Amino acid sequence: MSAIILLLIVSISVASLFLLAFIWSVKNGQYDDEISPPMRMLFDHKDAITKIPEQTHIKPKS
Amino acid sequence: MAIQRVKNSIHCFHCGEECGAEVIYAHDKDFCCTGCRMVYEILNETGLCDYYDLSRNSGINRKQTARPDKFAFLDEEKIIKDLVRFRNDSETHITFYLPHIHCSSCLWLLENLHKLDKHIISCKVNFERKEADIVFDHSGISLRKVAELTTSIGYEPYISFNDIDRPKTMVSRSKIYKLGVAGFCFANIMLLSFPEYLGINERELRLLQIFRYISLVLSLPVLLYASSEFYVSAWKSLKRGFLNIDAPIVLSVLITFGRSVYEILTQTGSGYLDSMSGIVFFMLAGRVLQDKTYAALNFERDYTSYFPVAVTKIKEGKETIVTLDKIALDDTILIHGQELIPADGIITRGNALIDYSFVNGESFPVKKEMGEVVYAGGKQLSSNIEILVIREVAQSYLTKLWNKDEQKEHARKEKYSFVHLLSRYFTWIVFSIALLTTIYWWNVDPSRIWNAVTSILIIACPCGLLLSNTFVNGNILRRLARNGFYLRNAQTIEGIANADHIVFDKTGTLTTGRFNNIRYQGQELPSQLRSNIAELAKQSTHPLCRSISKWADAGAGGKIHAFNEVPGEGIEGMVNGDLIAMGSVEYVTGHKESGKDSCVYLAVEGEMMGRFVFQNEYRDHIPELVACLKKDHRISVLSGDNNGEKQRLSQMIGADSTILFNQGPGDKLLAIQQMQKHARSVMMIGDGLNDAGALREADIGISVAEDSNTFTPSSDAILNAASLPKLDRFIQMCRFNKRVVLTAFIVSAMYNVVGLYFAVHGGLQPVIAAILMPCSSISILIISFGLSNLKAKLLKI
């Protein structure tokens, strides 16, 4: 029985990790634009595109 | 001649357009204009020519270049402050709307912007929204220079008055979070419930109890967080005294949870937490699908999106750039060619040729002289003019028209979907069954009342109706969008299905707004003269001259001497030895004569040769479309134009339809109101600002857009001009929506009846609930998608 409890804890924590990963990806804006990433993926990176601007720096408008 | 033909089929290396007579040959490549060549050179120098490999002729035609000081207003500190998203000591973040973005090459080039200027730190494109987030070092490059840089490679940012002091709307992600959380909880609860379904060894009952408690904990996020959408919507509608579909759903979710908690705590059963979280998950999925918005389209545009951010004000002979809201009465402002007039005013310098098609739908530009009044919304076509402002921006004729119906907006469109009405009946039926069961068990075995009644309320949740509705709506929206018909929201589907009176605008909706349909009447033109005429017409920016030039097909070219243009009147000049004059009767012959203004007269060496008659070019398949629509709609046409086309139009759409001419924006609005008195629901199809009032007033307003870059006034739906002939099929598709929802609902109701059978007997096993719930949801999905896709296939959309 203790094995089942242990497995239960493991399985729920693994699932929670995936949930967190999902929440992170939504927060990161990965679902905002579903057209450009597939295109961007196919470009040859002769030199990599410079860092992607941080999404968090949004100026609060009064 | 043979050489000519070969030359004509040469396509520009940059933009892919036909080069015409003058091919610019450089770097072993052909270009149609110096603008295109310049872009190529910029890219070549910086090693960005991969641009052309990603998609063929991906460039944007640069024949029409922006005025050099067009972005001068971006040097103004106040405007910069209003536009930028973020700024610190070293860098500035700005989001530009670049309507020209159209292919993967665009994306690649813009994201390599830092190679063109080392002060640009990064550029990230959002393709759906056609926006570029640019980060640059403002100590090295100014905002104006950034705008000019993107313009120089063909992506001119569109900056309007609307961009100022309006916070950027962020995409709402809350539903996606909720969907994720509900999915997580649902799947885990389902796993933990397996022992309940399959049975468990007597000795392990303690384990079962642990599982139940974990399920209870997992169901809390579903109850408290994921379902909050439904609580809010139900509470809002109850406050307004209306029972919408979310109310019985909330009731059912709460009762399911309450009963489950009771069963688990008293150790009498396992509850129905799996069913509860499952249904919340499916309903959220349906809503996410249905609410998928088209980020690139804007259904809420008002006049501020059309107006420029800043204008040039002239004060004591000095030009200063001020934002639009700073313009006061009696200011003198300078309007450049091709600019929109932002406020009503009197012309104090220069001759104006104003295109009011935007405001009132007239297809021909009108001439205005010094001292005459011009109205906001007109577009100045010829050279620069100065106007004295007589009414501020917020007070102008156009703006007032907009504000007038702003107030109405709140009062109307409070229509409820048939789904809510249906769910109401459903709720009453369920309540009566619950009451009857109570009475029955009261007499037979009162201890089972609680069990039986809660089971009924759980099973009889109208979630099947909600599910089928959201999934069918989502699917229809997607199908229509694939065909170039973008609806603002799901409610619009029903609105379109209900309309029984369709009103068309003429200019720009039924017609293309171009003047390619030219008939020449008069003496025959020798080919040399013809090409000379084309050459002369090419010199003018007047739309009619452009069409003549296209019609006559420019030849080898030639020198033009003594060219003279009187805006709004005509042009003359000496081409290869022929003195040619074209224009109005008065201009060409000198006699005043009242003729229709859709003619251009032609004289060679002072002798009248003939005239060009312009006819509106109608879009393809209009008569067929109207014939189809007439079967169950009334058809009307409201035109801002004069009645020159009356005969042709009534032939096309039939004599029994109402056709009204000379309708200003206000008249159109009133006409719609009149029609609403006699019709169940009026649908208006128009374009441009002149229809804006009517589009809002109508029960359903559809604006027609030439391509996705065109700005459309606020409306319920945006229709691609090329898809206009399919309108009757789109309407049929929308009408089919109700039938699919009902079919799916009846099927789900059958599941409910089976469930109810068990419930009224007071013995609803969790396993039965666990089987019924997903089965009913999945069959609803299959029916919803299957039927609506089948119908779309049959309609060939």
Side-chain angles (χ1 to χ4, degrees), chain A, chain B residues 47 50 53-54 81-82 84-88 91 93 101 103-108 111-112 114-115 120-129 131 133-135 165-168 170-171 173-174 176-177 179-181 183-185 187-188 191-192 203-204 206-207 210-211 214 217-218 221 295-296:
Chain A
M1 194 171 108
S2 59
I4 291 182
I5 301 285
L6 187 72
L7 283 176
L8 201 64
I9 295 167
V10 172
S11 81
I12 289 185
S13 16
V14 170
S16 314
L17 280 182
F18 278 104
L19 180 67
L20 287 179
F22 174 75
I23 290 173
W24 169 80
S25 69
V26 176
K27 204 170 219 154
N28 201 26
Q30 292 185 15
Y31 290 85
D32 293 356
D33 179 10
E34 292 165 16
I35 300 176
S36 28
M39 289 185 189
R40 206 172 282 142
M41 199 175 80
L42 296 173
F43 298 148
D44 292 328
H45 287 248
K46 279 178 187 161
D47 57 25
I49 290 168
T50 41
K51 75 166 191 217
I52 282 158
E54 289 284 322
Q55 289 284 326
T56 41
H57 284 312
I58 286 160
K59 187 181 80 173
K61 294 244 175 173
S62 50
Chain B
D50 281 359
D53 301 335
L54 292 166
K81 240 171 79 189
D82 282 336
V84 297
R85 272 193 306 132
F86 168 80
R87 187 158 56 155
N88 63 12
E91 57 186 42
H93 297 215
I101 294 178
C103 66
S104 56
S105 287
C106 303
L107 184 78
W108 184 83
E111 298 205 334
N112 280 297
H114 59 277
K115 287 190 185 160
I120 289 186
I121 297 164
S122 77
C123 174
K124 192 179 177 230
V125 174
N126 184 323
F127 200 89
E128 263 180 69
R129 305 172 74 90
E131 281 176 354
D133 292 329
I134 301 174
V135 180
D165 62 58
R166 183 172 290 195
K168 283 263 177 283
M170 291 296 288
V171 218
R173 297 169 182 160
S174 70
I176 300 179
Y177 288 131
L179 184 66
V181 170
F184 165 80
C185 297
N188 279 298
L191 269 180
L192 291 167
R203 284 174 296 148
E204 312 252 278
R206 221 167 65 89
L207 196 63
I210 293 172
F211 282 7
I214 298 175
V217 172
L218 280 171

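All values reported here derive from a predicted model rather than from experimental measurement. Just so it is clear: chains get the letters A, B, ... in the order the sequence lines come, proteins before strands, and each one is counted from 1.
Between B/Trp108 and A/Met39, the closest side-chain pair of non-hydrogen atoms is not below 4.5 Å. Taking 4.5 Å as the limit, some side-chain heavy atom of A/Ile12 sits within range of a side-chain heavy atom of B/Ile214. Using a 4.5 Å heavy-atom threshold, the side chains of B/Leu179 and A/Phe22 count as separate.
Considering CD1 of B/Ile210 and CD1 of A/Ile5, their distance stands at 4.0 Å, rounded to 0.5 Å. Between atom OG of residue A/Ser11 and atom CG of residue B/Leu192 there is a gap of 7.0 Å, rounded to the nearest 0.5 Å.
Contacts between A/Ile23 and chain B at a heavy-atom distance below 4.5 Å involve backbone atoms as well as side-chain atoms. Residue contact with chain A, scored on non-hydrogen atoms closer than 4.5 Å, is absent for B/Leu191.
Here the shortest heavy-atom pairing between B/Gly180 and A/Leu19 reads O-CD1, 3.5 Å.
Checked by atom type and distance alone, the side chain of A/Arg40 never pairs as donor or acceptor with a backbone atom of B/Leu107 at under 3.5 Å.
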